[in-house]
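Taking it in order: structure first as structure tokens, then the write-up.
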Amino acid sequence: TYSNPMACLKDFLPGGTLYHLYFGYIKDWWPHRNDPNVLMLHYSDAKRDMGGTVSKISDFVGVELDAAEHLEVTRRCSFDHMKSIAHKFDYYQWA
């Protein structure tokens, strides 16, 4: 655990022990951002406009959603819905 947010952030900055978890990942994928089979999304965009994000993803994978389907997918992707089914995301170690 960290004593404050800045201590955590320092681990993610260059030279930090957790740098590779985020920036290494971005560095590896950035050259592929314009590849036809790659869709880069940002969490803050999805949080701000989940419906728009659902549209981007459905367009990218070639799935047409009617208005009712789009509304339902957007609802099920919402943070409120995810919180309501959090138990389905519990981690279990089986061995």
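Values below: all heavy atoms of this structure, side chains included; hydrogens, waters and symmetry mates excluded. Note that the structure is predicted; figures quoted are calculated from it, not measured.
F23 meets the ring pair (Phe, Tyr, Trp, His ring centres under 6.0 Å) test with Y19; sequence neighbours excluded.
Under the salt bridge (Lys or Arg N to Asp or Glu O under 4.0 Å) criterion, the residue pairs touching residues 73-89 are E72-R75, E72-R76, with sequence neighbours excluded. Applying the ring pair (Phe, Tyr, Trp, His ring centres under 6.0 Å) test to pairs two or more places apart or on separate chains, those with a residue in residues 40-79 are Y43-F79.
Between the side chain of S78 and the backbone N or O of T74, no donor-acceptor pair lies under 3.5 Å.
Between D59 and K56 no salt bridge is recorded (no basic side-chain N to carboxylate O distance below 4.0 Å).
Side-chain contact between F12 and T17: absent, with no pair of heavy atoms (C-beta onward) separated by less than 4.5 Å.
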Residues 26-36, side-chain donor-acceptor partners within the protein, below 3.5 Å, at least two apart:
from: H32; atom 1: ND1; to: D35; atom 2: OD2; distance (Å): 2.9
from: R33; atom 1: NH1; to: W30; atom 2: O; distance (Å): 2.9

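The distance from the CG atom of D45 to the CE atom of M40 is 12.0 Å, given to the nearest 0.5 Å. To the nearest 0.5 Å, atoms OG1 (T53) and CG (L39) are separated by 9.0 Å.
In the hydrophobic clustering of ILVMFWY residues, with side-chain heavy atoms under 4.5 Å counting as a link, M82 and V73 come out apart. One hydrophobic cluster holds both L65 and L41 under the rule that ILVMFWY side chains link at heavy-atom gaps under 4.5 Å.
In terms of heavy-atom proximity, E64 sits nearest to E69 at O-OE1, 3.9 Å.
Clustering of Ile, Leu, Val, Met, Phe, Trp and Tyr by side-chain heavy atoms under 4.5 Å joins M6 with L9, L13. Other members of the cluster containing L71 do not exist, because no ILVMFWY side chain is joined to it at under 4.5 Å.
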